[in-house]
There are 2 protein chains.
Amino acid sequence: MLKFLCDIANKESRSCPLAQRFSKKQQAIADREQELLQIALQLVEAEGYANLTMDKLTAASPYSKGTIYNHFSSKEDVITGLCNTALRHEIHLFKKAALFEGSSREKALALHQAYLLSAKMQPILFSCVLTAKSPWVQEKSSPARIKAQQELEKEISDMVDQLLQNAIVINELRPKAGATVDLMAFAHWAISFGGIALLSSASETYSIDRLQGTDPFLYNLNCMLDGMNWLPLSTDWDYGQSWLRIEQEIFSAERQQLATALPEILR
Amino acid sequence: MLKFLCDIANKESRSCPLAQRFSKKQQAIADREQELLQIALQLVEAEGYANLTMDKLTAASPYSKGTIYNHFSSKEDVITGLCNTALRHEIHLFKKAALFEGSSREKALALHQAYLLSAKMQPILFSCVLTAKSPWVQEKSSPARIKAQQELEKEISDMVDQLLQNAIVINELRPKAGATVDLMAFAHWAISFGGIALLSSASETYSIDRLQGTDPFLYNLNCMLDGMNWLPLSTDWDYGQSWLRIEQEIFSAERQQLATALPEILR
DNA sequence: ACCTGAACACCGTTCAAGT
DNA sequence: ACCTGAACACCGTTCAAGT
């Protein structure tokens, strides 16, 4: 019950900050949940997943074990909580990306840059999203948190669909025979996800290590979108330039934040 | 020390089965290690990762804890051991794929089918490979096993490189400006890995669930390879047919094995 | 109604004692 | 030289007792 109210309260406090539909007590509880997730994140960032322990979470917080179990039904529920934080951050960046002015394919590029950026800024949270989808985490998470997760995913999915739909309408994206919006949306996700996951978590791998200096992410996208028939093709347009423009016009703040101190591989 | 001999002994027993360069004792130890990994795999397959416990591994085996710690330096070392098993299986399928007779692009398709098949046949082992690359697993694994892992990865990487090199030589693959073999090899890996990882572990996700019935994997490949400029383009050749031919001529045994009983999503 | 922390069953790892 | 299992410190989860 507590958990359910929390997620509502969190959502409300974002979408309409002035709403007073929840008591101070409920807001305080929601705040505490965010506080706990922040501490959990710090623990994981400091020493990896193995370091996330309900004992340590208790010790690092001002609350008791019982209180923490009032918020989270299990350790896995904490992970799903972190996943939802990641998705909210991702959505935030996606919304910024949607503001970029350019061709439909450039807008798609902006979404991919947002995705890449979300993974670079919070690599741990990024990996959380996949971890949270594994059956045994899913099984042990509370229904309320799973529901929140699905709603967040739907929101992202809708943004991608809309971009594709629009590109088709204005005739810049001309789908191959049999290519539905669903199929194309999945292709976008797969190429981006695959690239990020491999680059970030498999950096010790021979065939990835040798890539240093090039920009594999953009090359992958150029191939994929060319093959998808999204005009103008990369032979007719310099998407390296577009990439830089997006970086400067939309994500300069995030870039700067990254530049300070973060994993070497992905910078 | 025991661990190192084991990995050598395993390798030898594969590449030249008749070699008697190791004593019966050493072979027995190597066999026991495989036995332990088999048990570990069963534990994970039965109830997920959380179910893999050194206690349970001990209980499910005829050996004591001390003996198990003679083989594996830590729980993480067991995971890396499972990862290496997965890589060996992958290599086995890759070698079968290389036997397919067809154009260079069809041969590439055969490799991707092998990769997909390895993930479908042993989904748990597939996820193991990524898990094993995460820093905190890597850190706690024994040097010998990490070395074996790197050698296996190099072997796979070489097979892909060779295919690409050859396709360029016979002028069927005509790289875009600036596209090196490294870059293209990575693109192959990323699109395949991304597709498989999302399809297998995120099946509850809205934008993936709706894909049922289509063949997203092949669509992704067609786009990617068209964009990469690998002839003949998918507009000039029916790769759906090629896919089926590969299935029938190379992987009919694997297909049959899969057909019996396995996760619904990927069949 | 919510919070607390002792209690319990289990887990990863080690090591003195055996063979 | 290898095996054993008791022992230790730690972990996830619960719940009776408090406020």
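Throughout, a chain's letter reflects where its sequence line sits, starting with A, and its residues are numbered from 1.
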Integer-rounded Å distance: D:dC10 P and A:Leu43 CG: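 Roughly 16 Å, once rounded to whole Å.
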
Separation of C:dG5 P from A:Asn70 CG (nearest whole Å):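 In whole Å, C:dG5 P lies 14 Å from A:Asn70 CG.
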
What closest approach, in Å, do [X] and [Y] show between heavy atoms, and which atom pair accounts for it?
X	Y	value
A:Leu82	A:Leu37	CD2-O, 3.5 Å
B:Leu36	B:Ile68	CD2-CG1, 4.0 Å
B:Ile39	B:Ala60	CG2-CB, 3.6 Å

Short side-chain N/O contact to C:dC3 OP1/OP2 from A:Arg32, under 4.0 Å: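 Indeed, a polar side-chain atom of A:Arg32 lies that close.
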
side-chain N/O A:Thr67 vs C:dT4 OP1/OP2, d < 4.0 Å: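 Indeed, a polar side-chain atom of A:Thr67 lies that close.
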
Side-chain ion pair, B:Lys95 and B:Glu155, N-O less than 4.0 Å: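 Result for this pair is yes, salt bridge flagged.
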
B:Phe217 and B:His112 aromatic ring geometry - parallel, tilted or perpendicular at 30°/60° bounds: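 Ring orientation, 0 to 90° scale: perpendicular.
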
Pair A:His89, A:Ser118: side-chain N/O donor-acceptor within cut-off below 3.5 Å: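 On atom types as modelled, these side chains do not qualify, holding no pair under 3.5 Å.
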
Base-pair map of DNA chain D as dot-bracket, where | denotes pairing with a different strand and pairs are Watson-Crick or G-U under 3.5 Å: ||.|||||...|||||.||

Side chain to side chain donor-acceptor pair (under 3.5 Å), paired with A:Tyr63, selected from A:His71, A:Arg32, A:Glu35: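 Exactly one candidate clears the test, A:Glu35.
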
Qualifying residues under side chain to side chain donor-acceptor pair (under 3.5 Å), relative to A:Thr53, sequence neighbours excluded: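 If we apply the side chain to side chain donor-acceptor pair (under 3.5 Å) test to A:Thr53, skipping adjacent residues, there are no hits.
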
Protein proximity profile, nucleotides 11-16 of chain C - base contact B, sugar-phosphate-only contact S, no contact -, cut-off 4.0 Å on heavy atoms: BBBB--

